[in-house]
Amino acid sequence: MKLVHLSDLHVHGEPVGGSDPVERFRLCLAHVEKHFSDADAIVVTGDLTHDGQSASYERLRELLSAFPLKVHLLLGNHDHRGRFQATFRDHPADENGFIQYVADAGGYRMIMLDTCEPGTHAGHLCEKRLGWLSGKLDQARRDAMPVLLFMHHNPVAVGVWAADVLNLIDDKEFRGILRQNRETVRHIFFGHTHYSLSGALEGIPFSAPRSTNHPVWPEIGDRRRAGFGPIAPNYNVALIGDGSVVVHTIDFMLEDEISWLDIPSEYAWVHEATPDP
C-alpha cells in the first residue's frame, strides 16, 4: 500500500508564519499529483484551516475540487466542526457528530479519529469517541483487517514543551485500547507538532510530517518557545507491506534544487581500487 500523509495546511486568506498557506498547499497537491498519483490513499490529519472560518473552508474545497485524487480529511485544533460540516456537507461523521469514520484502502482499514475539543488547542477523547474507536477496532479484528490509525494531536509527550502542553490529554484509556489492539493497529499517523516525528506508543510505531505551510523547529526541553525559519515544508509517503511500514519525508518545494546522478545497472557491486603492493 502507498499512503500520502499531509498535515497542518492552515488555509487562510493571509500569510501564516510568513508564508502563503494556500499557495504552498497548491504546490504540495501538484507535487503529489505528479509523483504519487498511484497512491492508495491520501490523508490530511487536521488543521485544515488557520481560523476555522467558512471562507477558509470554501477555499479549501475549491483547491480539493481541482485535485483529481480523493483526499481523506480530519480536523485539528484550528478547525471548527460545524463550519467544516456546513461546507463539506457530504463528509462522513459518526452518530454523535464527530468527524471520525472508517475507510478501507490497499488491504488496510483506516480509522480516522476526531481528537478536537472546542475551547482548547489540546487533544481530547471523550467516552463516546473512545467507545466508537473500540467498536471499530473490534470490527476490524473480526474482519481480519489490519488498521492504520489517524488523528491530529500527538498521542504521547514528545519532549518538546510547546507540543506536549497541547498533546492528547487524559490518554490513559486510549493507551489501554492500544495495548489491547497491538496485533491489529499497524501504525499511528498524526500531525499537530509541525515537525517530522517517529517513534512508538504501546509498541505501535507512529510518524508525523511537518506542516505544509510553516514547519517548526523541535526545541527539545522545557524552554517555552517555538522556532520558525528556513525549514522546508513537507509531506510523508508511507510504503506499507506485510509486516513493514517505511515512511519517507518529501520536501516538495526543494525538488528543483536537487542534482541527479544516473546510476548504472552494475551499481549493485562497485569495484573499489586497492593500492598497489
Side-chain angles (χ1 to χ4, degrees), residues 3 5 7-8 43-47 72 74-77 79 81 93-96 98-103 108-209 218 220-222 236 238 240 243-247:
L3 168 75
H5 176 202
S7 199
D8 298 276
V43 182
V44 183
T45 52
D47 278 358
H72 300 278
L74 285 80
L75 299 190
N77 51 288
D79 289 307
R81 205 174 278 123
D94 73 2
E95 62 273 15
N96 295 303
F98 295 112
I99 308 303
Q100 49 188 30
Y101 54 101
V102 169
Y108 287 81
R109 180 148 299 165
M110 303 188 299
I111 297 180
M112 314 296 185
L113 193 57
D114 186 336
T115 58
C116 300
E117 189 75 15
T120 177
H121 285 295
H124 289 267
L125 287 171
C126 60
E127 291 301 316
K128 291 180 180 178
R129 282 176 278 186
L130 288 167
W132 180 90
L133 174 61
S134 292
K136 297 304 179 184
L137 288 171
D138 288 345
Q139 185 62 55
R141 188 166 54 251
R142 289 193 295 270
D143 295 341
M145 289 286 286
V147 166
L148 306 175
L149 181 60
F150 297 84
M151 57 199 301
H152 177 68
H153 291 84
N154 47 304
V156 63
V158 298
V160 175
W161 181 88
D164 294 341
V165 73
L166 302 175
N167 69 350
L168 184 65
I169 304 299
D170 299 328
D171 63 342
K172 183 177 180 180
E173 188 170 349
F174 175 69
R175 294 179 69 142
I177 292 172
L178 293 181
R179 283 194 298 272
Q180 295 169 8
N181 290 276
R182 284 174 179 157
E183 299 302 316
T184 302
V185 181
R186 300 295 174 83
H187 200 88
I188 303 170
F189 298 87
F190 61 88
H192 191 48
T193 64
H194 286 225
Y195 42 80
S196 296
L197 273 172
S198 61
L201 176 61
E202 301 296 341
I204 301 171
F206 64 70
S207 62
I220 298 173
D222 296 329
N236 285 349
I240 306 169
S244 69
V245 178
V246 177
V247 179

Could you tell me whether Arg129 and Glu173 have a side-chain N and a carboxylate O separated by less than 4.0 Å?
no
Please step through side-chain contact (heavy atoms from CB on, under 4.5 Å) for the pair Asn167 and His153, ending with a clear verdict.
CA-CA 6 Å; Asn167 69 350; His153 291 84; 5.8 Å; no
Mind checking the CD1-OG1 spacing from Ile99 to Thr115? Nearest 0.5 Å is all I need.
12.0 Å
One pair to check against side-chain contact (heavy atoms from CB on, under 4.5 Å): Ile204 and Leu149. What are the steps and the verdict?
CA-CA 10 Å; Ile204 301 171; Leu149 181 60; over 6 Å; no
Mind checking the CZ-CZ spacing from Arg109 to Arg186? Nearest 0.5 Å is all I need.
13.0 Å
A quick test of your reading: do over 12 heavy atoms of other residues, nucleotides or ligands sit less than 6.0 Å from CD of Glu183?
no
Residue set satisfying side chain to side chain contact (heavy atoms under 4.5 Å, CB included) with Asp171, at least two apart, ordered chain then number -> Leu168, Arg175
Checking the side chain of Arg182 only, and the main-chain atoms of Glu202 only, is there a donor and an acceptor separated by less than 3.5 Å?
yes
Which heavy atom in Leu75 sits nearest to a heavy atom in Cys116, and how many Å separate them?
O-SG, 3.3 Å
Taking atom CG of Asp114 and atom OH of Tyr101, what is their separation to the nearest 0.5 Å?
10.5 Å
Output for pair (Leu201 CG, Phe174 CZ), nearest 0.5 Å, gives 6.5 Å
Quick one: which residue pairs count as a salt bridge (Lys or Arg N to Asp or Glu O under 4.0 Å) with a foot in residues 118-127, not counting sequence neighbours?
none
Taking every non-hydrogen atom, the tightest pair across Ala163 and Thr193
CB-CG2, 4.0 Å
Quick check: are there more than 12 heavy atoms from other residues, nucleotides or ligands sitting under 6.0 Å from CG of Asp143?
yes
Closest heavy-atom pair, Val247 versus Ser207, reported as atoms and distance to 0.1 Å, is CG2-OG, 3.8 Å
Nearest non-hydrogen partners of Asn154 and Leu166, listed with the distance
OD1-O, 4.4 Å
Evaluation steps, side-chain contact (heavy atoms from CB on, under 4.5 Å), between Leu3 and Phe150:
CA-CA 12 Å; Leu3 168 75; Phe150 297 84; 3.7 Å; yes
Heavy-atom nearest pair, Leu113 first then Leu74, reads O-CD2, 3.4 Å
When rounded to the nearest 0.5 angstrom, what distance separates CE in Met112 from CG in Asp94?
14.0 Å
Which residue in the set Asn77, Thr45, Asp79 passes side-chain hydrogen bond (donor to acceptor under 3.5 Å, both in side chains) when paired with His152?
Asn77
Validation row: Ile169, Thr120 side chains within 4.5 angstrom (heavy atoms):
no
Does any non-hydrogen side-chain atom of Glu117 lie less than 4.5 Å from one of Cys126?
no
Hey, which of Val102, Asn181, Thr184 is the one that makes side chain to side chain contact (heavy atoms under 4.5 Å, CB included) with Val147?
Thr184
Taking it one step at a time, do Trp132 and Ile111 satisfy side-chain contact (heavy atoms from CB on, under 4.5 Å)?
CA-CA 10 Å; Trp132 180 90; Ile111 297 180; 3.7 Å; yes
When every non-hydrogen atom of Leu148 is compared with those of Ile240, the smallest separation belongs to CD1-CD1, 3.6 Å
Main-chain N/O of Phe98 paired with Asn96 side-chain donor or acceptor, under 3.5 Å
no
Going by the rule ring-ring contact (aromatic ring centres under 6.0 Å, His included), which residues pair with His5 if we only count those two or more places apart in sequence or in a different chain?
Phe189
What's the separation between atom CG in Leu197 and atom CZ in Phe206, rounded to the nearest 0.5 Å?
6.0 Å
